[in-house]
Number of protein chains: 2
Amino acid sequence: MLLCENSIVKQSLTNVLRVNQLRSVEKRALYLRIRDYLAADIAAGKWAENEKLPSERQLSEQFNTTRVTARQALTQLEAEGLIFRSNRRGWFVTPPRINYDPSRDMGFVRYVEDQGFSARTQTLEKKLIELPDHIADEVGLDRGTPVYEILRRRYINDRPCLIEKIFLNPKHCPGVLQHSLDRSLWSLLKAEYDLVPVERHLEIYPQTLEQPIAEALDANTGTSGLYIRRICRDQNGDFLELDEEFWLHNALKVVVSVMPD
Amino acid sequence: MLLCENSIVKQSLTNVLRVNQLRSVEKRALYLRIRDYLAADIAAGKWAENEKLPSERQLSEQFNTTRVTARQALTQLEAEGLIFRSNRRGWFVTPPRINYDPSRDMGFVRYVEDQGFSARTQTLEKKLIELPDHIADEVGLDRGTPVYEILRRRYINDRPCLIEKIFLNPKHCPGVLQHSLDRSLWSLLKAEYDLVPVERHLEIYPQTLEQPIAEALDANTGTSGLYIRRICRDQNGDFLELDEEFWLHNALKVVVSVMPD
DNA sequence: CTTATTATCTGGTATATACCAGATGTTGAT
DNA sequence: ATCAACATCTGGTATATACCAGATAATAAG
């Protein structure tokens, strides 16, 4: 009973405070003002890259509000790419985006390192499978064609940033799975099979990360991502590679240079 | 007092219900199950493109939950691009993405219509300004160089899908602002000035829409968007155009075909 | 029939609170 | 020093509720 009365008192008190806040100087929503405040702190370098922000409970106290509202501000900053979260560990400052040109696969690691980041590739799976029908139809192979499937995870500065699923046409690179795939795939294909992609078809669009992928990237299901798909063919129009990449939305900036036909 | 007691009774009752719900058959979060349910309905065509879903209050009743949770499901579907919202009007089913190739600007309208959509362009502003310093430095023009600035809004099936800000080098197309700009810019530049872009530099990344842009697209501030930037140069490497596009994230799929150098 | 006013509906923002599960830190036994 | 057990911290999910502002529909006045 006592608790109940307390709660009513507290509520009417905070209601008065709220009205004061809203009707006073600022019209902007509280969660947006908190966002601005945190964004300014981040810009000012109050927390370093990958450094943890105060907990939601701390922030809600600091801004004299509830966790729900503090969370709304954090979610907004997450959508903007300024911060990210790690499951039940906290919120962290996002490092800068890297530039990424999906039309050149010549050495992801070196390409990233040239921008002053460290990069790492990890092969999660490699096997021979039958190409799914809808993909076979799309790239112009017979249904049931065997292809190599490679699943890799790539890190930038020790942060897992993308999952990559590659389908390779074994006709052009038989036995490629016996090599280590933790390095540049195209330098391997060039060295061992003299394979060079000529035509590339790119598709890029924002999409949320599905469960297994989000998990592999230490992100929550439903986090925004960027989907990049690349189909490479040789000079005869023969299918070489289909590459599907699932990126954290805040990890990259796609950069492509194009000359007209 | 009475109200207070009521609230306690009601609360403990629903707590029991909640525990039952969670501990029963399904482990998936309620908001994700609602999401799945709605996603299935959308896929099954229960609501047509651009058709309004039931209100948050209706949905929360239907699923025996609160508005907050129903909203969480809707927000998830929004992030996935399945639905969108119009300020204080409701939630609507997103029409399919269009394919868009930013490396060819030859007739946006026709390009879109070829895919079975209708398209429309609206010029919001056109003026002569001094190119902002940081952009001048980037494209290699002298600071303070005068350029044409054009602001356009583009619709697909009468839905505003992108805001476009164009900077044109007046050296190559003097007086271009006197023409109607509600049509294809490059066909105009070709016809009147024999201008053809040769080199194109693209940048693409997900970003939230800032206030004025979100407003112009009838979206909320902070909605996810896709930012596309294109710099075009002529055969001499001379700057022709800088084009910045702010898209609704669910409106397009970027498609680019590239031949290697 | 048209226009101005009003009531209602809808999402937007906010508080207060609760319990859960995974991650982390601390403590105590070996 | 190492490892297991426990307590604590953190975000994840959920309920209940309130009031606001813009959009829309209904209604009354011209």
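Chain naming here is simple, since letters A, B, ... match the order of the sequence lines and numbering starts at 1 in each.
For B:Val68, taking side-chain heavy atoms from C-beta onward, the closest of the listed nucleotides C:dT10, D:dT15, D:dG11 is D:dT15. The side chain of A:Gln58 lies closest to D:dT10 when the candidates are D:dT10, C:dG12, C:dA14. Closest to the side chain of B:Tyr31, from the set D:dT13, C:dA23, C:dG12, is D:dT13.
Side-chain N/O atoms of B:Asn87 include none lying less than 4.0 angstrom from OP1 or OP2 on C:dT10. At the phosphate of C:dT24, OP1 or OP2 sits under 4.0 Å from a side-chain N or O atom of A:Arg89. Listed pair A:Thr66 / C:dA14 fails the phosphate criterion, with no side-chain N or O lying under 4.0 Å from OP1 or OP2. Between B:Arg88 and C:dC9 there is no side-chain N or O to OP1 or OP2 distance below 4.0 Å. The side chain of B:Arg71 contributes an N or O atom lying less than 4.0 Å from OP1 or OP2 of C:dG12. At the phosphate of D:dT15, OP1 or OP2 sits under 4.0 Å from a side-chain N or O atom of B:Thr69. Regarding contacts with the backbone of C:dA14, every side-chain N or O of A:Arg67 stays at 4.0 angstrom or more from both OP1 and OP2.
Residue contacts shown for B:Arg85 are limited to sugar-phosphate atoms, with no base heavy atom under 4.0 Å away.
Side-chain atoms of A:Gln62 and A:Tyr37 form no donor-acceptor pair, as typed in the model, at a separation below 3.5 Å.
In this structure, A:Arg110 places its CZ atom where only 12 or fewer heavy-atom neighbours from other residues, nucleotides or ligands lie under 6.0 Å away.
Straight-line distance from the CZ atom of A:Arg57 to the P atom of C:dC19: 13 Å, rounded to whole Å.
Under 4.0 Å is where a charged nitrogen must lie from a carboxylate oxygen, and between B:Arg35 and B:Glu80 at least one such pair does.
The CG atom of B:Leu248 sits 9.0 Å away from atom OG1 of B:Thr94, with the distance rounded to the nearest 0.5 Å.
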